[in-house]
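The structure appears right after this line, and notes come after that.
For ligands, and for the atoms within them, numbers begin at 1 and follow the listed sequence. Just so it is clear, the structure is predicted and the values come from calculations on it, not from any experiment.
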Amino acid sequence: MDPKINDALNGQIKEEFYSSYLYLSMAAYLESLGLKGFARWMEMQAKEELEHAMKIYKFVVDRGGRVRLFDIQQPPVEWESPLKVFEEALKHEQYITSKINGLMSLAREAGDYATEIFLQWFVTEQIEEEASVGEVVEKLTLVKDSPNGLFMIDRELGMRQ
Ligand code: OFO
(Lines give C-alpha, C1' and ligand atoms only; values in the text may rest on other atoms or scores of the structure.)
Protein backbone atom coordinates (compact mmCIF):
# COMPACT_ATOMS: atom_id res chain seq x y z
CA MET A 1 0.00 0.00 0.00
CA ASP A 2 1.27 3.47 -0.94
CA PRO A 3 2.65 4.95 2.34
CA LYS A 4 0.99 8.31 1.62
CA ILE A 5 -2.40 6.65 1.31
CA ASN A 6 -1.74 4.44 4.32
CA ASP A 7 -0.98 7.56 6.39
CA ALA A 8 -4.02 9.40 5.12
CA LEU A 9 -6.26 6.44 5.95
CA ASN A 10 -4.78 6.30 9.46
CA GLY A 11 -5.59 10.00 9.74
CA GLN A 12 -9.17 9.25 8.74
CA ILE A 13 -9.45 6.50 11.36
CA LYS A 14 -8.63 9.17 13.92
CA GLU A 15 -11.20 11.58 12.42
CA GLU A 16 -13.91 8.93 12.71
CA PHE A 17 -12.99 8.15 16.32
CA TYR A 18 -13.01 11.86 17.07
CA SER A 19 -16.46 12.13 15.45
CA SER A 20 -17.64 9.41 17.80
CA TYR A 21 -16.09 11.18 20.78
CA LEU A 22 -17.64 14.49 19.77
CA TYR A 23 -21.11 13.01 19.32
CA LEU A 24 -20.92 11.13 22.60
CA SER A 25 -20.01 14.38 24.34
CA MET A 26 -22.96 16.04 22.59
CA ALA A 27 -25.18 13.16 23.77
CA ALA A 28 -24.00 13.70 27.35
CA TYR A 29 -24.77 17.44 27.09
CA LEU A 30 -28.25 16.74 25.69
CA GLU A 31 -28.79 14.18 28.44
CA SER A 32 -27.90 16.85 31.03
CA LEU A 33 -30.76 18.98 29.64
CA GLY A 34 -33.17 16.07 30.08
CA LEU A 35 -33.54 15.66 26.31
CA LYS A 36 -33.43 11.88 26.22
CA GLY A 37 -34.55 11.55 22.60
CA PHE A 38 -31.90 13.96 21.31
CA ALA A 39 -29.32 12.19 23.46
CA ARG A 40 -30.29 8.77 22.12
CA TRP A 41 -30.04 10.03 18.54
CA MET A 42 -26.53 11.36 19.20
CA GLU A 43 -25.49 8.16 20.97
CA MET A 44 -26.46 6.16 17.92
CA GLN A 45 -24.55 8.60 15.75
CA ALA A 46 -21.51 8.07 17.97
CA LYS A 47 -21.82 4.30 17.51
CA GLU A 48 -22.01 4.65 13.73
CA GLU A 49 -18.77 6.62 13.76
CA LEU A 50 -17.02 3.76 15.53
CA GLU A 51 -18.20 1.49 12.73
CA HIS A 52 -16.79 3.93 10.17
CA ALA A 53 -13.43 3.91 11.95
CA MET A 54 -13.37 0.11 12.07
CA LYS A 55 -14.30 -0.16 8.41
CA ILE A 56 -11.18 1.81 7.50
CA TYR A 57 -9.09 -0.09 10.06
CA LYS A 58 -10.10 -3.37 8.46
CA PHE A 59 -9.45 -2.08 4.96
CA VAL A 60 -5.90 -0.99 5.87
CA VAL A 61 -5.23 -4.40 7.45
CA ASP A 62 -6.70 -6.29 4.47
CA ARG A 63 -4.50 -4.32 2.08
CA GLY A 64 -1.38 -5.16 4.03
CA GLY A 65 -0.99 -1.63 5.35
CA ARG A 66 -0.02 -0.65 8.89
CA VAL A 67 -2.58 0.84 11.25
CA ARG A 68 -1.22 3.60 13.45
CA LEU A 69 -3.57 5.14 15.99
CA PHE A 70 -3.11 8.85 16.60
CA ASP A 71 -4.09 10.95 19.63
CA ILE A 72 -7.75 11.86 19.84
CA GLN A 73 -8.35 15.40 21.06
CA GLN A 74 -10.82 16.22 23.80
CA PRO A 75 -14.20 17.34 22.44
CA PRO A 76 -16.09 20.34 23.86
CA VAL A 77 -18.27 19.66 26.90
CA GLU A 78 -20.85 22.45 26.79
CA TRP A 79 -22.89 24.09 24.04
CA GLU A 80 -25.23 27.06 24.07
CA SER A 81 -28.33 25.16 23.04
CA PRO A 82 -29.54 22.01 21.25
CA LEU A 83 -29.65 24.04 18.03
CA LYS A 84 -25.96 24.95 18.44
CA VAL A 85 -25.15 21.28 18.99
CA PHE A 86 -26.71 20.26 15.71
CA GLU A 87 -25.28 23.24 13.82
CA GLU A 88 -21.84 22.17 15.00
CA ALA A 89 -22.52 18.56 14.10
CA LEU A 90 -23.47 19.68 10.61
CA LYS A 91 -20.29 21.75 10.30
CA HIS A 92 -18.32 18.76 11.49
CA GLU A 93 -19.92 16.46 8.92
CA GLN A 94 -19.10 18.99 6.17
CA TYR A 95 -15.51 18.91 7.37
CA ILE A 96 -15.51 15.09 7.27
CA THR A 97 -16.90 15.20 3.74
CA SER A 98 -13.99 17.42 2.72
CA LYS A 99 -11.56 14.92 4.28
CA ILE A 100 -13.15 12.02 2.38
CA ASN A 101 -13.00 14.02 -0.84
CA GLY A 102 -9.32 14.72 -0.18
CA LEU A 103 -8.67 11.01 0.33
CA MET A 104 -10.51 10.23 -2.86
CA SER A 105 -8.32 12.67 -4.82
CA LEU A 106 -5.21 11.11 -3.31
CA ALA A 107 -6.33 7.60 -4.30
CA ARG A 108 -7.11 8.78 -7.83
CA GLU A 109 -3.76 10.50 -8.26
CA ALA A 110 -1.99 7.33 -7.09
CA GLY A 111 -4.07 5.13 -9.40
CA ASP A 112 -5.13 3.15 -6.31
CA TYR A 113 -8.43 1.79 -7.62
CA ALA A 114 -9.10 -0.45 -4.62
CA THR A 115 -8.98 2.52 -2.25
CA GLU A 116 -11.04 4.60 -4.63
CA ILE A 117 -13.80 1.98 -4.76
CA PHE A 118 -13.62 1.49 -1.00
CA LEU A 119 -14.04 5.23 -0.45
CA GLN A 120 -17.12 5.40 -2.62
CA TRP A 121 -19.15 3.98 0.28
CA PHE A 122 -17.99 6.92 2.41
CA VAL A 123 -18.80 9.46 -0.30
CA THR A 124 -22.40 8.18 -0.37
CA GLU A 125 -22.56 7.91 3.42
CA GLN A 126 -21.55 11.56 3.78
CA ILE A 127 -24.56 12.66 1.70
CA GLU A 128 -26.76 10.79 4.17
CA GLU A 129 -24.88 12.09 7.22
CA GLU A 130 -25.14 15.74 6.17
CA ALA A 131 -28.80 15.34 5.22
CA SER A 132 -29.89 13.72 8.49
CA VAL A 133 -28.11 16.28 10.70
CA GLY A 134 -29.29 19.13 8.43
CA GLU A 135 -32.88 17.95 8.88
CA VAL A 136 -32.63 18.28 12.66
CA VAL A 137 -31.08 21.76 12.29
CA GLU A 138 -34.05 22.80 10.15
CA LYS A 139 -36.57 21.44 12.63
CA LEU A 140 -34.87 23.13 15.58
CA THR A 141 -34.69 26.41 13.66
CA LEU A 142 -38.43 26.17 12.96
CA VAL A 143 -39.51 25.59 16.56
CA LYS A 144 -37.07 28.21 17.94
CA ASP A 145 -37.38 28.21 21.75
CA SER A 146 -40.83 26.63 21.98
CA PRO A 147 -40.69 23.95 24.70
CA ASN A 148 -43.57 22.13 23.02
CA GLY A 149 -41.73 21.99 19.72
CA LEU A 150 -38.58 20.81 21.43
CA PHE A 151 -40.52 18.10 23.24
CA MET A 152 -42.03 16.88 19.97
CA ILE A 153 -38.66 16.68 18.20
CA ASP A 154 -37.20 14.96 21.24
CA ARG A 155 -39.87 12.28 21.04
CA GLU A 156 -39.34 11.82 17.31
CA LEU A 157 -35.54 11.56 17.56
CA GLY A 158 -35.84 9.10 20.42
CA MET A 159 -37.44 6.65 18.00
CA ARG A 160 -34.29 6.35 15.89
CA GLN A 161 -33.48 2.68 15.37
FE1 OFO B 1 -18.15 9.05 9.70
O2 OFO B 1 -19.48 10.10 9.11
FE3 OFO B 1 -19.89 11.30 10.38
O4 OFO B 1 -18.24 11.92 10.79
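Here Phe70 and Phe17 keep their ring centres 6.0 angstrom or further from each other.
Atom 1 (Fe) of ligand 1 has Glu16 OE1, Glu49 OE1, His52 ND1 as protein N, O or S atoms under 2.8 Å away.
A salt bridge links Asp112 and Arg63; the closest N-O separation between the charged side-chain nitrogens and carboxylate oxygens is under 4.0 Å. Salt bridge annotation for Glu87-Lys84: present, with a cationic side-chain nitrogen under 4.0 angstrom from a carboxylate oxygen. Electrostatic pairing of Glu51 and Lys55 does not count as a salt bridge here, judged by no charged N lying under 4.0 Å from a carboxylate O.
For Arg160, the side-chain contact (heavy atoms from CB on, under 4.5 Å) partners at least two apart in sequence or on another chain are Trp41, Met44, Gln45, Glu48.
Defined by atom type and a distance below 3.5 Å, a donor-acceptor pair is present between the side-chain atoms of Gln126 and Thr97.
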